[in-house]
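Since the model is a prediction, treat every value here as computed from it, not as a measurement.
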Amino acid sequence: MIHERDTIIESSESAPAGSRGNAAEDAALFARFVAGDDDALVTFFDRHNHRIFLYCLHLVRTRERAEDHAQEMWERVIRMRDERRLTAANPLGLAVTIARNLCLDALRRDRGEIALEDIPESAHPIERIPELGHLEELVIQALEHLPLDQREVLVLSAYSGYRYDEIAEILGEPYGAIRTRAWRARAHLGRIVAAMVGISEDAERSGGER
Amino acid sequence: MRRTSDEHLIERYLSGEMSGAEEEEFFARVAVDSNLRQMLKAYRIMESALRTHRDAISPEHSTSRRRLVLALAARAPQTAPDSRPSTYARMTQRAGITRWITLGIVAAALSAVTVLVNGDDARRSTTTARRPITAPSTTAQPPREQPLPAPSFEPVTAPAEAPSIPTPRRARRSEPDVTPSTNLTTTAASVERSVERPAISAPRSDTALPVRRDTIRMRMRIALPE
C-alpha cells in the first residue's frame with residue numbers, strides 16, 4: 001500500500017525533465033536579456049517554452065495553433081524589449097500572461113466562426129493518444145470541459161510542472177486561492193472519473209454474474 | 001459533505017501532507033469504505049491519464065527555437081553588456097559602408113555621363129553660334145598677311161530696299177559708310193544671307209551673334225584696307 005502511495009505522489013509531483021525552474025535564475029536570465037544579451041532569452045526559451053506550449057495546447061486544443069501562439073508570445077517579448085517596455089520583474093508571469101491573452105483572443109475569434117459541437121467527430125481537434133486507455137481518454141476529454149480558471153491551474157500544475165507557489169506568482173494571485181482552484185479542478189475531474197469507474201465496475205460485475 | 005471531506009483526505013494523502021497516524025487511519029477507512037476506495041481509484045486514473053498525456057506530447061520545438069533565433073538576429077542589436085560590438089553589429093556596419101560606397105560610385109558615373117552629353121551639345125552649339133560669318137568666297141578676299149579689322153555687323157530687321165516706314169536713320173545706314181579715321185575706301189558688296197537657327201539652341205552670350213528663330217537678313221560690310 002505504501003508503494004502505491006509513492007507512485008501516486010510521484011505522478012502528481014513529477015514535472016517534465018529539466019523543466020523545474022528556479023525563479024531567481026529566471027529573473028537573472030531575463031535581466032540579462034533586457035540588458036541586451038540575446039543568448040539569455042534563448043536559454044530562457046529552452047527552460048520554459050515546452051511548458052508554456054503545453055499550457056497553450058490546453059487552451060486552443062491543437063498543436064499547430066499552440067505553437068503559433070507560443071511563438072508569437074516570444075516575438076512580442078522581443079518587441080517589448082526593443083521598445084524599452086520590458087522589465088525583469090516576474091518574467092514567467094509576463095510570458096504566461098501574453099500567451100494566455102493570445103489564446104483567449106483566438107478562442108473568442110473562433111466563437112464567431114463555428115461551434116465545437118458542429119465539428120464532426122472525425123475532425124475533432126483533440127489529439128488522440130494511442131497510449132491512453134478508454135478511461136484515461138475520457139479524463140482528458142473531461143479536462144477540456146472544466147471551467148477555464150480551474151483548467152489553467154490544473155494544466156500549469158499537472159502538465160507544465162509548476163508548483164502552486166510558482167503558479168500563484170505567475171497568475172498574480174494568492175497562494176491559497178490557487179490551491180483551492182487546483183483542489184476544485186481535481187475534485188471536479190475526480191467525480192467524473194469516479195462516476196465512470198462506478199459505471200464500468202457495475203458493468204464488469206453484471207457481466208460476471210451472467 | 002462527506003464526499004468533500006473524502007476528497008480533501010485524498011488530496012492531503014496525494015500531496016504527502018498526512019502524518020503516519022493519519023495515513024494508517026486513512027487506509028483503514030479505504031479498506032472498509034467502497035466509495036472512498038472508488039474515489040481513490042478515480043484519482044489514480046486521473047493522475048495516470050494526465051501523466052501519460054503529458055509525456056505523449058513531444059517536447060520537440062526546434063522550429064520554434066530556430067524562429068526565435070532568427071527573430072533575435074533580425075532586430076537591431078541592443079546595448080550589449082560588453083563594449084565590443086557583436087558580430088551582427090559589425091556585419092551590419094560593414095554592409096552600410098559598402099552600400100554608401102556603391103551609391104557614391106553610381107552617382108559619380110551618372111554625373112560624368114551627364115557632363116559628357118551636355119558638354120558635347122554645348123560645344124556644338126557654341127561652335128555654331130560663335131562661327132564668324134564671312135563673306136562668300138566669290139567676293140574679294142583680303143590678303144592673309146594683312147590683319148583685318150574687326151568686321152562690323154549690323155542686323156537689319158527688314159530689307160533696306162523696301163522699308164515699310166522709312167526713317168532717317170535707315171536712310172543714313174543705306175548710304176556708304178566712309179569713316180575718315182579708318183582710311184578705308186573700299187566697301188565690299190553688301191551681302192545678304194540668311195542664317196538659319198541651329199537644331200540645338202546655344203546659350204546666349206555677349207560674343208555670339210544674335211540668332212533668331214526667323215530668318216534674319218543681315219547686311220555685312222567689310223572694310224578692306226587699301
| request: Return yes if some donor-acceptor pair links the side-chain N/O of R186(A) with the main-chain N/O of E7(B) below 3.5 Å, else return no. | output: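 It does not hold such a pair.
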
| field | CG on L54(A) to CD1 on I57(B), rounded to 0.5 Å | value |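 If we round to the nearest 0.5 Å, I57(B):CD1 and L54(A):CG are 5.0 Å apart.
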
| NE2 on H50(A) to CZ on R54(B), rounded to 0.5 Å |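 Atom-to-atom, R54(B):CZ and H50(A):NE2 are 8.5 Å apart.
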
| said: Measuring only between side-chain heavy atoms, which start at C-beta, is V193(A) closer than 4.5 Å to Y43(B)? | reply: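 SC-SC contact between V193(A) and Y43(B) ruled out.
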
| said: Measuring only between side-chain heavy atoms, which start at C-beta, is L72(B) closer than 4.5 Å to F33(A)? | reply: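 A side-chain contact under 4.5 Å exists here.
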
| field | Partner set under salt bridge (charged side-chain N to carboxylate O under 4.0 Å, His left out) for E22(B), not counting sequence neighbours | value |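 With neighbours one apart ignored, the set is R12(B).
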
| Looking at I140(A) and A49(B), what are the two nearest heavy atoms and their distance? |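 Residues I140(A) and A49(B), closest heavy atoms: CD1-O, 3.8 Å.
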
| query | Which heavy atom in A42(B) sits nearest to a heavy atom in G190(A), and how many Å separate them? | reply |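 Here A42(B) and G190(A) meet closest at CB-O, 3.7 Å.
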
| said: So if I take each residue of residues 59-69 of chain B and look for any heavy atom under 4.5 Å from a heavy atom in chain A, which residues do I end up with? | reply: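 Checking residues 59-69 of chain B against chain A gives P59(B), E60(B), H61(B), S64(B), R65(B), R67(B), L68(B), V69(B).
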
| Non-hydrogen atoms of chain A under 4.5 Å away: do they reach the side chain of S58(B), the backbone, both or neither? |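 Both parts, backbone and side chain.
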
Non-hydrogen atoms of chain B under 4.5 Å away: do they reach the side chain of [X], the backbone, both or neither?
| X | value |
| --- | --- |
| L143(A) | side chain |
| D39(A) | neither |
| R184(A) | neither |

| message | For E25(B), I'd like to know if atom CD has over 12 heavy atoms of other residues, nucleotides or ligands within 6.0 Å. | response |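 Not buried by this count: 12 neighbours or fewer within 6.0 Å.
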
